[in-house]
Amino acid sequence: MKTKILRPLYLVAALALVTAACGDDDAASTTAAPTTTEAVTTTAPMDDVLRIEASTAAITVDGDASDWAGVTGLDLTLEPITSETVAPKDATIKVAYDTEFLYVLFTVGDDFNWNAEDPHLSASSAVMFAIEAAAGPHMGTDEEGEEESYTSLGMVDIWHWELECAIGADQGGATGAGPGDGDLGNDSGCNFDDEWSTDPETREDDNGAGAENSLLGVFGHSNPVDDGEGTWIFEMRRRLQTGDAGDAQFAVGETGLMALAYWDADNSPEGWDDPEHVQSSHLGWIEVTLIAA
């Protein structure tokens, strides 16, 4: 459900949450993340604010959403970034936490497209949070547009997932796939990557000093046959606090901002195409508050 808040919400944190749009994994590199040293204060938009109150829950990351049944979700429609020919997608986002991890369930209504040989012919998703509260809703910028018009407003944390491994497989840095090839932010086994960005042209793997990658994800689908109509299930978790300048940090009682992006492989027979993603940024920030148990 969507909730409208007709008052400002003040966010005060050393590292807060913001949103962005998905990008091609091949563009990510190993540049060290900049260090954020000053606390930031910002005011959320006055009108039409989307809000999630995340409570504690016992969640197992296994691609099965049944243990999320008691968690309230936010329903929304993901719209194209630029192309009017790309169909919008209905999605739901749920957030929960325990003493160690933040959990995210991102579900999207779409048919099953998964290619074992080429992840760029499969569906993909991204969940994005702010590191610097001034960051804009498109990978840190104020708006999507031509490259020369990008204005970087701050850094965002991106959990970027191209579906290289199969349904039910543990994916992400928590599996130990990243450090083996020297690129901590890159899940070299399954392509569930820990990234940061300040604008759409500078998306990087998170490999700076103090970097850690505790992302864990398992995806599923309600009808996993070729072109089967149903719902994608993207279930993931990460540590609440990492001490990593390339990560958003989460704490009970704090509120931040997030956004979502999704790629439908049916949009382009040739494979991955950045402008044909659908995303939530047009709706403004999704505010996420971790409420006390």
Side-chain angles (χ1 to χ4, degrees), residues 1-2 18-28 45 47-50 73-93 104-115 118-130 135-153 156 158-163 191 193 195 197-203 219 221 227-234 257-286:
M1 65 183 172
K2 298 181 181 179
V18 175
T19 159
C22 202
D24 189 344
D25 179 71
D26 294 339
D47 301 312
D48 299 323
V49 178
L50 304 180
L74 177 68
D75 297 328
L76 66 165
T77 300
L78 307 177
E79 297 284 352
I81 297 175
T82 57
S83 173
E84 295 182 0
T85 63
V86 176
K89 298 294 182 185
D90 291 330
T92 298
I93 185 73
V104 176
L105 178 69
F106 179 25
T107 59
V108 182
D110 196 17
D111 63 332
F112 182 74
N113 301 126
W114 184 75
N115 188 304
D118 185 356
H120 286 181
L121 298 176
S122 303
S124 66
S125 67
V127 177
M128 293 145 284
F129 303 94
H138 297 281
M139 280 189 171
T141 63
D142 53 354
E143 61 180 319
E144 191 72 25
E146 298 301 324
E147 181 177 349
E148 60 270 17
S149 71
Y150 292 147
T151 300
S152 178
L153 302 176
V156 296
I158 307 173
W159 304 359
H160 183 216
W161 205 346
E162 296 181 29
L163 307 185
N191 222 344
D193 297 337
E195 301 173 354
S197 178
T198 56
D199 67 71
E201 299 302 316
T202 57
R203 188 168 59 80
F219 74 85
H221 194 276
D227 300 318
E229 293 295 335
T231 301
W232 284 99
I233 300 166
F234 301 104
L257 308 171
M258 71 181 297
L260 311 165
Y262 173 76
W263 157 254
D264 179 1
D266 290 331
N267 287 341
S268 175
E270 292 77 27
W272 186 284
D273 185 3
D274 284 347
E276 293 186 343
H277 282 69
V278 291
Q279 43 76 48
S280 66
S281 297
H282 68 288
L283 297 169
W285 309 128
I286 301 172

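In this chain, numbering begins with 1 at the start of the sequence shown.
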### Message
For D110, is there any backbone N or O sitting under 3.5 Å from a side-chain donor or acceptor partner on H221?
### Response
yes

### Query
Under the 3.5 angstrom rule, does the side chain of N267 hit a backbone N or O of E276 as a donor-acceptor pair?
yes

Would you say [X] and [Y] make side-chain contact, with heavy atoms under 4.5 Å?
X	Y	result
D193	W161	no
M258	V127	yes
L121	N113	no
N191	L163	no
I286	S280	yes
D264	V278	no
V104	I93	yes
H120	E162	yes

So, for [X] and [Y], which heavy atoms are closest and what is the spacing to 0.1 Å?
X	Y	result
Q279	P80	NE2-O, 3.5 Å
P88	E79	CG-OE1, 3.5 Å
A265	A123	CB-N, 4.2 Å
K89	G109	CD-O, 3.8 Å
W285	A135	CH2-O, 3.2 Å
F106	A91	CE1-CB, 3.8 Å

### Query
What do you reckon, are the aromatic ring centroids of F129 and W159 less than 6.0 Å apart?
yes

### Query
For D111, which residues count as a side chain to side chain donor-acceptor pair (under 3.5 Å) partner, sequence neighbours excluded?
none

### Task
Report the residues that fulfil side chain to side chain donor-acceptor pair (under 3.5 Å) with T92, sequence neighbours left out, ordered by chain and then residue number.
D75

### Query
Between CG of D266 and CG of D227, what distance do you get to the nearest 0.5 Å?
6.0 Å

### Task
State whether a side-chain donor-acceptor pair under 3.5 Å links S122 with N115.
no

### Task
Would you please classify the geometry between the F219 ring and the W232 ring as parallel, tilted or perpendicular, with 30° and 60° separating the classes?
tilted

### Message
Among L260, V49, L76, which residue satisfies the side chain to side chain contact (heavy atoms under 4.5 Å, CB included) criterion with L283?
### Response
L76

